[in-house]
Amino acid sequence: MTAETVIGAVGAKAEFRTCQYTGLKVDAAAQKLIIANAVAAVVFLLLGGVMGLLVALTRWPAVHLLPADWFYLVLTGHGANVLLFWIIFFEMAILYFASAVLLNSRLAAPKLAWLGFLLMIAGAVMGNVAVLQGESSVMFTSYPPMMARPHFYLSIILFAVGALIGCGIFFATLVIAKEERTYEGSIPLVTFGALTAAIIAVFTIASGAVILIPTMLWSMGLISDIDPLLYKVVWWGMGHSSQQINVSAHVSIWYLTAALLIGAKPLSEKVSRTAFLMYILFLQLASAHHLLAEPGLDASWKIVNTSYMMYLAVMGSMVHGLTVPGAIEAAQRRNGFNRGMFEWLRKAPWGHPAFSAMFLSLVFFGFIGGISGVVLGTEQLNVLMHNTIYVPGHFHGTVVAGTTLAFMGATYLVLPLIFQREILWPKLAKMQPYLFGIGAAGISLFMMGAGTLGVARRHWDITFSDANLSFAHSAGAFLMMGLNGIFAIIAAVGGAIYVVVVVGTVLFGEKIKGGHKLTFPLHAGGGAVASHYGSEKTPKLPGTIILVTIFFVCFVLYYFINWKYLSELWLFR
Amino acid sequence: MAVTPPDKRIWWNEPIERVELVWIVIAFLWGLFMFFFMIAWHFIGQQNLSSEAYRIAPSAFEEKVDAFAKKHQVREEKGIPVAKPPAGSDVYILGRLWQWWPILELEKGQSYRIHLSSIDWQHGFSLQPTNINIQVHPGYEHVISLTPTQSGEFGIICNEFCGIGHHTMIGKIYVTEPKKAEAGQRLADGGKQ
């Protein structure tokens with residue numbers, strides 16, 4: 001059976017252009033879909049970002065901006081818009097790019113892809129309407145028995161079906177590319193990473209359907225009862241695994257950026273690919289991270305699941321944490337920056353927003369999101385932070401300082417290469433990743449600090465001013481929440497600059513024609529590195545060894561500090 | 001320079017870089033350590049969340065808590081009974097919109113079997129400033145043997161979003177100094193284990 005009979009011959013007479021910078025063949029249909037998904041992503045980032053700023057300003061005790069009902073409404077909308085809509089629209093763009101563009105192939109069934117896109121738009125719009133109507137302020141997690149209106153659940157289901165179609169298009173494009181021999185050998189590493197993301201996405205969406213469809217029926221009055229514990233087990237099969245889609249996607253972006261800007265090849269394909277494989281095999285177990293403080297679950301179940309089966313998925317991330325900077329160091333040394341330990345890093349293209357965003361994302365994801373994630377996901381340590389604002393601190397480290405920052409960086413590649421527009425206001429673009437990155441890292445750290453001092457997440461008033469009984473948080477907790485507000489403003493400024501630069505570039509940026517010299521240049525031949533597989537040859541990497549050693553020392557110290565905190569608690573068993 | 005022709009070798013047969021191999025071994029061993037440390041803490045640690053839980057109808061739990069509060073009430077605070085149960089006994093805490101009920105008075109160094117449940121939505125039992133955080137589900141009665149190691153006044157805040165009054169949901173636990181010397185001794189022994 002050929003690809004045509006499987007997928008239909010819709011796109012058989014696809015139009016291509018050849019990219020003058022990378023030499024890649026770009027299918028016009030794929031290009032349009034990448035543009036549409038990227039634009040939708042930025043729109044929902046803007047909406048969700050504004051909501052996020054409102055949340056942070058309300059949680060800043062001295063400002064306390066919104067009234068309680070609006071706070072919970074906006075917080076629900078913030079989660080849906082940035083965690084679901086912004087990220088998954090952008091991931092659709094990545095999937096189409098990593099399949100059709102990187103493999104020089106036509107995109108499978110573009111019309112079906114547009115149907116998926118429309119479903120996602122319909123879901124995202126309906127979700128926002130449901131939240132803004134005010135009767136669905138159930139938070140992003142929508143734990144029963146708290147109930148939202150049926151169309152709140154329906155909106156997420158529609159969005160997920162659209163995303164599932166996008167994954168199907170991605171798989172079908174891989175089949176077509178193989179059939180039509182548009183590439184030789186194995187798929188490139190970036191596509192492999194995207195494949196990981198798409199496979200996890202299918203599992204994720206299936207989990208979501210299994211729980212959200214009955215929950216919607218329950219909201220409609222057709223089912224009498226949803227068990228709250230069962231809901232959490234299955235819902236987090238979607239909720240946490242979808243974060244592993246993000247990890248796979250942004251790690252792919254790290255490799256892509258390193259390839260395009262520096263000409264970096266993975267140190268060894270086998271290691272990097274196996275690390276991605278660990279994600280597919282073990283990341284799904286992470287539902288347990290949300291169940292460590294729940295009644296009735298057995299300790300051995302918790303330990304096996306929360307550790308991703310003996311931390312094998314964490315090992316995957318630690319491996320990427322070595323191989324990404326390692327690949328950059330090796331390539332930079334080959335590019336001639338060979339002096340001392342760190343010339344390769346000092347002379348890296350820090351003025352290129354795609355690079356600075358990528359490298360900051362790597363550092364913040366590892367040091368802040370990664371380490372805090374392992375600590376938070378340790379069976380006993382979880383009791384110290386469960387549902388405190390430490391939890392949002394952790395996932396702003398992974399999803400904002402990690403994924404979002406990486407995607408922002410990727411945008412500075414997508415704009416010239418796919419939109420074919422020269423980036424407007426390059427000076428703003430240059431500082432954008434730093435502002436947003438520092439802001440995002442700040443909110444992560446200060447929320448984690450406040451959580452360590454006991455501040456609750458999803459909480460309107462930490463002074464408890466209208467409560468019957470009283471409780472006073474420490475002054476340190478208030479300080480942390482204030483600093484969180486300040487860094488949220490910094491992040492918001494960075495986010496606003498991103499939106500302004502992207503929208504300005506898309507609408508008014510100079511159209512790129514043949515022979516144009518990019519403001520933010522690519523590495524000569526970087527496209528070839530990104531679209532072929534092949535390992536770097538026996539490099540010496542003293543700088544990377546020092547970096548990962550620092551990481552490991554921080555990891556071990558922070559891990560044991562938390563055990564010490566735990567040992568000082570009241571005794572319970 | 002970076003214009004590298006595709007490497008024709010099959011990638012899964014390539015040798016692994018030494019630095020990668022060393023790092024993989026470190027990461028793997030560290031993962032094993034963290035995995036077994038969780039298991040070890042069940043033997044060497046004093047803080048392990050109990051898995052003892054029962055299904056219970058919210059109304060049945062409410063009755064048990066009412067009976068408990070009535071039996072052990074020593075005084076009242078802002079309309080809420082303060083219960084002072086004997087050491088080692090079964091103690092009940094109920095989460096509902098929007099309070100933790102009743103208030104408890106416990107003795108430092110004594111162990112109590114705390115029964116936790118909700119009669120409406122999910123709540124988050126968050127003992128402050130100690131920072132012990134446990135999820136509370138309606139329909140599940142979670143039993144935890146708890147031994148206070150500090151005396152004083154402690155707040156229970158709610159850290160699972162439970163609607164518009166979530167931020168007013170506060171409870172209290174008073175912990176008094178042990179009356180008998182042996183209670184302190186027991187605590188010291190427990191700490192050393």
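None of the values given here were measured: they were computed from a predicted structure. Numbers restart at 1 for each chain; the letters A, B, ... are given by sequence-line order, proteins then strands.
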Checking B:E20 against chain A: side chain, backbone, both or neither under 4.5 Å from a heavy atom? both
With chain A as the partner, which of B:Q128, B:H137, B:H142, B:K78 has the greatest number of non-hydrogen pairs under 4.5 Å? B:H137
Pick from B:G79, B:P138, B:S126 with the largest number of heavy-atom pairs that fall under 4.5 Å of chain A: B:P138
With a 4.5 angstrom heavy-atom cut-off, is it the side chain or the backbone of B:R18 that approaches chain A, or both, or neither? neither
Contacting moiety of A:S474, where chain B heavy atoms sit under 4.5 Å: neither
Identify which of A:M146, A:R457, A:K302 forms the greatest number of heavy-atom pairs closer than 4.5 Å to chain B. A:M146
Is the ring pair A:H473/A:F471 parallel, tilted or perpendicular, if the boundaries are 30 and 60 degrees? perpendicular
Does NZ or CZ of A:R458 lie under 6.0 Å from the centre of the six-membered ring of B:F161, at an angle within 45° of the ring axis? no
Review item, side-chain donor-acceptor pairs of residues 566-573 of chain A, under 3.5 Å, at least two apart:
from   : atom 1 : to     : atom 2 : distance (Å)
A:S567 : OG     : A:K564 : O      : 2.7
A:E568 : OE2    : A:K564 : NZ     : 2.4
A:W570 : NE1    : B:Q150 : OE1    : 2.8

Which region of B:I39, side chain (C-beta onward) or backbone (N, CA, C, O), has a non-hydrogen atom less than 4.5 Å from a non-hydrogen atom of chain A, or is it both or neither? both
Quick one: which of B:V22, B:V143, B:I24 has the most heavy-atom pairs under 4.5 Å with chain A, could you say? B:I24
Kindly state whether the ring of A:F560 and the ring of A:W563 have centres lying under 6.0 angstrom apart. no
Can B:R75 be said to sit on top of B:Y174's aromatic six-ring, NZ or CZ under 6.0 Å from centre and within 45° of the ring axis? yes
Quick one: CG on A:N468 to CD1 on B:I170, what's the gap to the nearest 0.5 Å? 9.5 Å
As an exercise: rank A:P144, A:S307, A:A467, A:P145 by heavy-atom pairs under 4.5 Å with chain B and give me the winner. A:P145
Do you know which of B:N131, B:L49, B:T168 has the most heavy-atom pairs under 4.5 Å to chain A? B:N131
Just give me the residue among B:N48, B:L127, B:I16 that pairs up with chain A most often, heavy atom to heavy atom, under 4.5 Å. B:N48
